[in-house]
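Ligands are counted one by one from 1 in listed order, and the atoms in each one are counted from 1 as well.
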Amino acid sequence: MASMYSEKVMDHFAHPRNVGELPDANGVGEVGNPKCGDIMRMYLKIENGIIKDVKFLTFGCGAAIATSSMATELIKGKSIEEALKLTNKAVVEALDGLPPIKVHCSVLAEQAVKAALSDYYRRQGIDPEPIVGKLEEDCHDCNGACGI
Ligand code: FES
């Protein structure tokens with residue numbers, strides 16, 4: 001039976017890249033989708049404007065895992081400017097597509113990267129909003145009450 005998922009999605013779901021935590025991360029972002037309950041946490045280690053290392057933890061569906069895995073691959077070794085330009089569309093394209101009902105999972109991946117970059121700026125006393133923009137899929141429902 002043909003899968004509704006591309007081979008690349010299946011590969012990144014079965015063998016996600018860059019899974020884990022980064023103890024020396026200087027940008028950590030977490031986003032959640034209140035509708036499906038999925039949570040994604042992104043760790044960035046940024047040095048001289050370059051994303052030296054990136055790891056993620058995702059508590060969510062297969063597409064959420066595959067998109068966060070692909071997102072980390074797309075920004076690793078890149079500049080902050082390039083990472084800021086990462087769109088969920090680019091993640092979907094790099095995975096050779098996603099079924100329409102799963103596209104929102106890729107939005108979570110884009111937002112997780114942006115949340116981590118926002119945290120990076122905040123730690124330096126810089127207001128991230130003019131640079132990173134507003135996060136759409138923030139975990140507004142729990143308002144941090146989940147304590148993660
Ligand atoms: Fe929620 Fe995939 S179903 S991120």
Side-chain angles (χ1 to χ4, degrees), residues 1-46 51-123 128-148:
M1 195 184 84
S3 163
M4 66 197 250
Y5 293 113
S6 71
E7 264 172 45
K8 274 199 190 155
V9 173
M10 293 308 288
D11 179 37
H12 276 263
F13 167 58
H15 312 284
R17 326 297 199 260
N18 310 308
V19 174
E21 294 173 89
L22 268 186
D24 57 347
N26 52 4
V28 181
E30 184 175 299
V31 288
N33 182 325
K35 287 197 198 89
C36 61
D38 290 356
I39 297 170
M40 216 178 260
R41 199 185 301 167
M42 192 70 68
Y43 298 86
L44 301 177
K45 180 155 193 243
I46 300 172
I51 297 168
K52 288 273 178 204
D53 208 355
V54 48
K55 291 236 185 295
F56 80 93
L57 287 176
T58 291
F59 181 80
C61 71
I65 291 165
T67 52
S68 26
S69 168
M70 182 52 94
T72 60
E73 287 284 276
L74 291 173
I75 62 168
K76 202 172 186 174
K78 300 278 168 62
S79 67
I80 293 180
E81 286 71 29
E82 284 171 290
L84 280 169
K85 283 192 214 131
L86 181 79
T87 60
N88 77 301
K89 202 166 162 271
V91 174
V92 173
E93 272 165 20
L95 285 169
D96 292 337
L98 269 182
I101 55 157
K102 286 288 164 188
V103 168
H104 77 270
C105 317
S106 66
V107 174
L108 211 55
E110 178 194 319
Q111 296 293 312
V113 171
K114 294 209 163 118
L117 288 169
S118 297
D119 181 57
Y120 169 76
Y121 282 118
R122 235 175 269 122
R123 289 184 195 209
E129 216 174 283
I131 308 164
V132 183
K134 260 204 189 311
L135 297 181
E136 289 151 32
E137 296 271 358
D138 220 344
C139 192
H140 39 74
D141 273 10
C142 75
N143 234 334
C146 53
I148 302 172

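Those atoms of ligand 1 that come under 4.0 Å of a heavy atom in A64, given as number and element, are 4 (S).
At a heavy-atom distance under 4.0 Å, atoms from both the backbone and the side chain of C105 approach ligand 1.
Taking backbone and side-chain atoms together, C61 has an N/O/S atom less than 2.8 Å away from atom 2 (Fe) of ligand 1. Among the backbone and side-chain atoms of H104, none of the N, O or S atoms lies under 2.8 Å from atom 2 (Fe) of ligand 1.
Residue F13 places its CZ atom among 12 or fewer non-hydrogen atoms of other residues, nucleotides or ligands, all under 6.0 Å distant.
When all heavy atoms of I80 and Y120 are compared, the closest pair comes out as CD1-CE2, 3.5 Å.
Nearest to atom 1 (Fe) of ligand 1 among the protein's heavy atoms is C36 SG, 2.1 Å. From the protein, the heavy atom lying nearest to atom 4 (S) of ligand 1 is D38 OD2, 3.0 Å.
Residue contacts with ligand 1 include K102, since one or more of its heavy atoms lies under 4.0 Å from the ligand.
With D53 as the partner, the side chain to side chain contact (heavy atoms under 4.5 Å, CB included) test is satisfied by one option alone out of T72, L22, I46: L22.
Under the 4.0 Å criterion applied to side-chain N and carboxylate O atoms, E81 and K85 are not assigned as salt-bridge partners.
At distances below 3.5 Å, at least one donor-acceptor pair connects side-chain atoms of S69 with backbone N or O atoms of R17.
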>> Assess the residue pair D96 and S6 against the criterion (side chain to side chain donor-acceptor pair (under 3.5 Å)); give the C-alpha distance rounded to whole Å, side-chain angles, the decisive distance to 0.1 Å, and a yes or no.
In response: CA-CA 6 Å; D96 292 337; S6 71; 5.0 Å; no
